[in-house]
Undergrad: 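Below you will find the structure I want to go over with you.
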Amino acid sequence: YSHIRIADRPDDLHAVRIAAGEADAVIGGDLIVSASVEALAKMAAGRTRAVVNLAETPTSEFTHNPDWQFPEQRMRSAIREALGIDPRAAEHAGADFIDAQALATTLLGDAIATNLFLLGFAWQRGLVPVSEAALMQAVELNAVAVDMNRRAFLWGRRAAHDLAAVERHARPAQAQAERPPSLDATVPPPVQALTASQAPPHPDRHRPPADPVPPPGLCPRPRASGMG
């Protein structure tokens, strides 16, 4: 992971790496790395705040143990404990755990957008003391996927403001297929259909004749024409 120090003047930066207990913010793109011993040592209760991606990244342990389970809850608890968060505190008190990779991939079509999504989330939470204009200028100077990175940053900000709304947008509810009505309910009988069309003489065509036609061989003899 990267150690990033921010100051108004270069002279205020006296070390490259973050010492133990001196991290003001942790932006974790990987939950396993964020919960590692080294990362936890940089955190301090009452000082450090965190935004951590919950995407599951299997380790080499999975290749040796097919029954291995991703220890999400245990790692979340370790981070919250390192931050000094009371176990009874609200879910987002001092730390945000979000499935940033799934959201970024769905919204922007590329998992690489997760990084800027997390940065936007952390910035909106007040964890990054750099102006938005300066960050966007850095994105433009990097000249790689500029539009996607700008949008990822914006989506991250939106998620920090209203995560539920962003999740609904990324994963809209599946429409429930309605059972079609029966054929009798949609296609009325011919007589009723024609009566409804205000054409009263026509329904007689669909009723059986009053005097059925005799079967062959039983036809009455025709009368004489009266000629002659």
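The figures here come from the full heavy-atom set of this structure, side chains too, leaving out hydrogens, waters and symmetry mates.
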Undergrad: Side chains of Leu54 and Arg76: closer than 4.5 Å at any heavy-atom pair?
TA: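 In short, these two side chains touch, coming nearer than 4.5 Å.
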Undergrad: Got a sec: does the CD of Glu72 have more than 12 other heavy atoms crowding it under 6.0 Å?
TA: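 Yes, CD of Glu72 has more than 12 neighbouring heavy atoms, counting only those of other groups under 6.0 Å.
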Undergrad: Any side-chain heavy-atom pair from Leu116 and Trp155 closer than 4.5 angstrom?
TA: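 No, their side chains stay 4.5 Å or more apart.
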Undergrad: When clusters are formed by joining ILVMFWY residues with side-chain heavy atoms under 4.5 Å apart, either directly or through shared neighbours, do Leu135 and Val26 land in the same one?
TA: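 In one cluster with Leu135: Val26, no.
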Undergrad: CZ of Arg157 to CH2 of Trp123: how many Å apart, nearest 0.5 Å?
TA: 4.5 Å
Undergrad: Between His3 (side chain only) and Ile18 (backbone N and O only), is there a donor and an acceptor less than 3.5 Å apart?
TA: yes
Undergrad: I need the Leu119 CG to Leu127 CG distance, nearest 0.5 Å.
TA: 10.5 Å
Undergrad: Taking the side chain as everything from C-beta on, heavy atoms only, tell me whether Ile112 gets closer than 4.5 Å to Asn149.
TA: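 A side-chain contact is absent here, since even the closest heavy-atom pair is not under 4.5 Å.
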Undergrad: What pair of heavy atoms forms the shortest contact from Ser34 to Val52, and how long is it?
TA: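 Here Ser34 and Val52 meet closest at OG-CG1, 3.9 Å.
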Undergrad: For the backbone of Val33 and the side chain of Asp30, can you confirm whether one donor and one acceptor N or O come within less than 3.5 Å of each other?
TA: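 It does hold such a pair.
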Undergrad: With distance as the sole test, does Asn53 use its side chain to make a donor-acceptor pair with the main-chain N or O of Leu31 at under 3.5 Å?
TA: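 Between the backbone of Leu31 and the side chain of Asn53 there is no qualifying donor-acceptor contact (under 3.5 Å).
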Undergrad: Closest approach of Gly84 and Ala45, non-hydrogen atoms and distance?
TA: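 That closest heavy-atom pairing would be CA-CB, 3.6 Å.
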Undergrad: Looking at Leu13 and Ala7, what are the two nearest heavy atoms and their distance?
TA: CD2-CB, 3.5 Å
Undergrad: Using 0.5 Å steps for rounding, measure from the CG atom of Leu163 to the CG atom of Leu103.
TA: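 Result: 6.5 Å between the selected atoms.
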Undergrad: Look at atom CD of Glu132 and say whether more than 12 heavy atoms of other residues, nucleotides or ligands are closer to it than 6.0 Å.
TA: yes
Undergrad: Locate the shortest heavy-atom distance separating Ala152 from Ala113; write the atom from each residue and the value.
TA: CB-O, 3.6 Å
Undergrad: Can you tell me how far the NE2 atom of His169 sits from the CG atom of Leu107, to the nearest 0.5 Å?
TA: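 So the NE2 of His169 and the CG of Leu107 are separated by 6.0 Å.
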Undergrad: Any sub-3.5 Å donor-acceptor pair from Arg49's side-chain atoms to Arg125's backbone N or O?
TA: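 A pair under 3.5 Å: yes.
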Undergrad: Pick one: which of Lys42, Arg5, Arg47, Met43 meets side chain to side chain contact (heavy atoms under 4.5 Å, CB included) with Asp24?
TA: Arg47
Undergrad: Quick one: closest heavy-atom pair of Pro129 and Ile6, and the distance?
TA: CD-CD1, 4.0 Å
Undergrad: Is any side-chain heavy atom of Asp110 less than 4.5 Å from a side-chain heavy atom of Thr105?
TA: no
Undergrad: Do you know the tightest heavy-atom contact between Leu83 and Ala95?
TA: CD1-CB, 3.7 Å
Undergrad: When you measure from the side chain of Thr106 to the backbone N and O of Ala170, does any donor-acceptor pair fall under 3.5 Å?
TA: no
Undergrad: With a 3.5 Å distance limit and no angle check, can you tell me whether Thr114 reaches the backbone of Ala111 through a side-chain donor-acceptor pair?
TA: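 Yes, the answer is positive, given that a donor and an acceptor are paired below the 3.5 Å cut-off.
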Undergrad: Look up atom CG in Leu118 and atom CD1 in Ile98, then write down how far apart they are to the nearest 0.5 Å.
TA: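 CD1 of Ile98 is found 5.5 Å from CG of Leu118.
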Undergrad: Arg17 and Glu38: salt bridge (charged side-chain N to carboxylate O under 4.0 Å, His left out), yes or no, with the steps?
TA: CA-CA 12 Å; Arg17 298 181 64 83; Glu38 185 176 358; 3.2 Å; yes
Undergrad: Under the 3.5 angstrom rule, does the side chain of Asn142 hit a backbone N or O of Ala138 as a donor-acceptor pair?
TA: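 Judged by distance alone, no pair lies under 3.5 Å.
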Undergrad: Once you round to the nearest 0.5 Å, how far does CG of Leu154 lie from CD of Gln124?
TA: 9.5 Å
Undergrad: Before giving the answer on side-chain contact (heavy atoms from CB on, under 4.5 Å), spell out for Phe153 and Phe117 the whole-Å C-alpha distance, their side-chain angles and the decisive distance to 0.1 Å.
TA: CA-CA 5 Å; Phe153 183 86; Phe117 184 96; over 6 Å; no
Undergrad: Please evaluate residues Val128 and Ile27 with respect to the criterion side-chain contact (heavy atoms from CB on, under 4.5 Å), reporting the C-alpha separation (whole Å), side-chain torsions for both, the decisive distance (0.1 Å), and the verdict.
TA: CA-CA 10 Å; Val128 183; Ile27 304 176; 4.2 Å; yes
Undergrad: If you apply the rule salt bridge (charged side-chain N to carboxylate O under 4.0 Å, His left out), what do you find for Asp162 with Arg158, and how did you get there?
TA: CA-CA 6 Å; Asp162 191 341; Arg158 289 169 175 161; over 6 Å; no
Undergrad: Should Asp12 and Arg9 be marked as a salt bridge (charged side-chain N to carboxylate O under 4.0 Å, His left out) after you check the CA-CA gap, both sets of side-chain angles, and the distance that decides it?
TA: CA-CA 6 Å; Asp12 295 333; Arg9 299 175 304 173; 3.2 Å; yes
